[in-house]
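Quick caveat, the model's predicted, so the values are computed rather than measured. Quick note on labels: first sequence line is chain A, next is B, and so on, each numbered from 1.
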There are 2 protein chains.
Amino acid sequence: MKLTISKNELNDAIQQVAKAASARPAIPILGGIKIDVNHQFVTLTASDTDISIQSFITVEQEDLVIATIEKPGSVVLPSKFFAEIVKKLPSDQVVIEVGANFQTTIRSGSTEIQMVGLDPEEFPVLPSIEQNEVLQVPGDLIKAMIRQTILAASTSEQTPILTGVLWNLHDGELKFVATDRHRLASRTTKVDAESSFNFSNVVIAARTLNELSRLIPDQNTVVDIVVADNQVLFKVDNILFYTRILDGTYPDTSKIIPQVFETELVLDTKNLTDAIDRAYLMSREEKTNIVRLTTMDDGMIEISSSSTELGRVTEQLEASSMTGQPLRIAFNSKYMLDVLKVLDSEKLFIGFTGAMRPIIIRPMDHDYSMYVILPYRTTS
Amino acid sequence: MKLTISKNELNDAIQQVAKAASARPAIPILGGIKIDVNHQFVTLTASDTDISIQSFITVEQEDLVIATIEKPGSVVLPSKFFAEIVKKLPSDQVVIEVGANFQTTIRSGSTEIQMVGLDPEEFPVLPSIEQNEVLQVPGDLIKAMIRQTILAASTSEQTPILTGVLWNLHDGELKFVATDRHRLASRTTKVDAESSFNFSNVVIAARTLNELSRLIPDQNTVVDIVVADNQVLFKVDNILFYTRILDGTYPDTSKIIPQVFETELVLDTKNLTDAIDRAYLMSREEKTNIVRLTTMDDGMIEISSSSTELGRVTEQLEASSMTGQPLRIAFNSKYMLDVLKVLDSEKLFIGFTGAMRPIIIRPMDHDYSMYVILPYRTTS
């Protein structure tokens, strides 16, 4: 294998795939980036077996020669060092040449690097996904849906299925749900799909969705999604992103969501966020993050928190609307802040069905998203 | 004590002093910020006994009322929470009122905070420094001198004196020296001081100088420096910064610096930095950071490093000038990079007196700074 390639194109592709290489590989090959060179494409692949990312560099792009291929071939190079050194090479052009025993020479300007390459035959084989039905979703929409749900995914490996986000497609509606049993986030969207095209119980690790999000440009991208038996494939521009579907059955969360409320509030999102943020600072000192919300007689609500050592924060805030029973409830302020930070609506609805029942938070501007927080049982 | 004060002015002063409050105070009072209020000034003080910072807010500034004092007094409030909450208060104005047992109420907009205050009588007393001779140095110069020397200070508490930077004033020349026994940095400057005004063996912790640096604005400031028996006082605008002088006698470093060289090189600073940076990436994999420099016959030098697992980086670079004996030397590339990053000269001089003698690095544009790195003894 021998080629000359533009440093910037090579560097971009490395940055795209490198996230999938294991930081602490069980065997060295899993910490590598595989380079496959033919006369059309230079393909980079990294895989920690849970996720695999592949980036294609087209050798000639609109009369522009990105790479000159002298001899096709393959090699696997250690990801971390390869990524760092390419970024710092002195010239715009990089020559990569693979010799006997995959010994690789990289030249750029007056820099020469000898690298111990590995046998590409030992590299994990990517899942073969038949070109099933393809779901096409705008990139910025997928990113928003990920951001608005992963906050509620569990970070504990004790229940692995809850570390994922559940994806369902039914009747042209794509729905994401995440819960860690203390809170729940749900986000739906209409998509352009035949009503016969359905899937359910597709659960993808929140961590993986975070990585996927980084690969999607903010604007003007369509993501192609193919769901296979135990894998999902995402195609973003020149990148293929494969991820495993988490094993197990995602719990049915529909029953925990109350439909009627004893107390209903409409509040200004920014004012509530700021007030809870200040109360959170005090609650954090107690490690519990407990904040109290109390409705008052005059259409006001009070947000408060206290710490035995430090003191007490009390916030008053006017409700845009308040109906139903008076209320005094305690909840985890960090959970509430997580929701408020991703709630894309100027005003929000909060529904309560009593001090020990789930709290529902919904944007007022649309009905695409819904959040649930379980309250705390407190003595006072 | 009761006053109304501008949130921004209060916040600025808190940020200035908070660095001196202990993050993990042995007794709670050392984790606090003392507020002293009289009709001229609101004074904030924090002290971990090693360093103390005091910031003065003038109550009326050019017809602008910054604070309205209803009742003078003092209180100590917990630094971390106080700093965080003030930043997030909803209104531009903050009312602070101290009641019985130093119970403190902070009000801003519809936010009310009760804080457990502490008795200011228990707060550490600041060192009293007689107004000795005052050395005046431009702020940006002090910052540059700190930045160009602290890199060589030791981070090991085994020899506490070497964790500091040595300051000497002699005959109108101010000199900073730092060394961790493996490398040395020295920086001098002419200052406006009577030749009779001298000091020596003033050693200030590098960590402290770092904090001092942050307090000095980048432009148009003069720093007043007063050296007392075991304390140094810095005055920067409205801030007083006190620091302890480290105990002990700083070693005499003048003898380790060679004056004549067997090999002399002049190199382009940026080219050398980039080449060593790439070699460093490889050397880091071996944990040793060892990089080799070899002079070649054709006026070129070679920089190289190798790792048994990864491979080898070789860099060639043209010397602007090369005189004396051929040379092959090994050194810590991280130490060299630290020097190159602060060297404010387009070209630099490197002097060698043999493979096991100190390496001298000097800027070509001026003679204010000088660096020494001890080479590594290597087998090959």
Hey, is [atom1] on [X] packed in by over 12 heavy atoms from elsewhere, all under 6.0 Å?
{"X": "Glu286(B)", "atom1": "CD", "result": "yes"}
{"X": "Gln103(A)", "atom1": "CD", "result": "yes"}
{"X": "Asn101(B)", "atom1": "CG", "result": "no"}

Taking only heavy atoms into account, what residues of residues 84-93 of chain A are found under 4.5 Å from chain B?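 So far as heavy atoms go, Glu84(A), Ile85(A), Lys88(A), Leu89(A), Pro90(A) are the residues that approach chain B to under 4.5 Å.
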Inter-chain contacts: residues 303-317 of chain A against chain B, heavy atoms under 4.5 Å: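 Residues Glu309(A), Leu310(A), Gly311(A), Arg312(A), Val313(A), Thr314(A), Glu315(A), Gln316(A) are the ones that qualify, each having a heavy atom under 4.5 Å from chain B.
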Tell me the residues of residues 104-113 of chain B whose non-hydrogen atoms fall below 4.5 Å from those of chain A, in number order.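 Ser110(B), Thr111(B), Glu112(B), Ile113(B) fall under the 4.5 Å cut-off.
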Let me have the donor-acceptor pairs involving side chains of residues 9-19 of chain B, under 3.5 Å, with sequence neighbours excluded, atom names and distances please.
from, atom 1, to, atom 2, distance (Å)
Asn11(B), OD1, Gln15(B), NE2, 3.1
Gln16(B), OE1, Ser55(B), OG, 2.8

Heavy-atom proximity to chain B below 4.5 Å, by part of Met282(A):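 Both backbone and side chain of Met282(A) come within 4.5 Å of chain B.
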If you count heavy-atom pairs within less than 4.5 Å of chain B, which of Glu285(A), Arg284(A), Met300(A) leads?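 Of the candidates given, the most pairs with chain B belong to Arg284(A).
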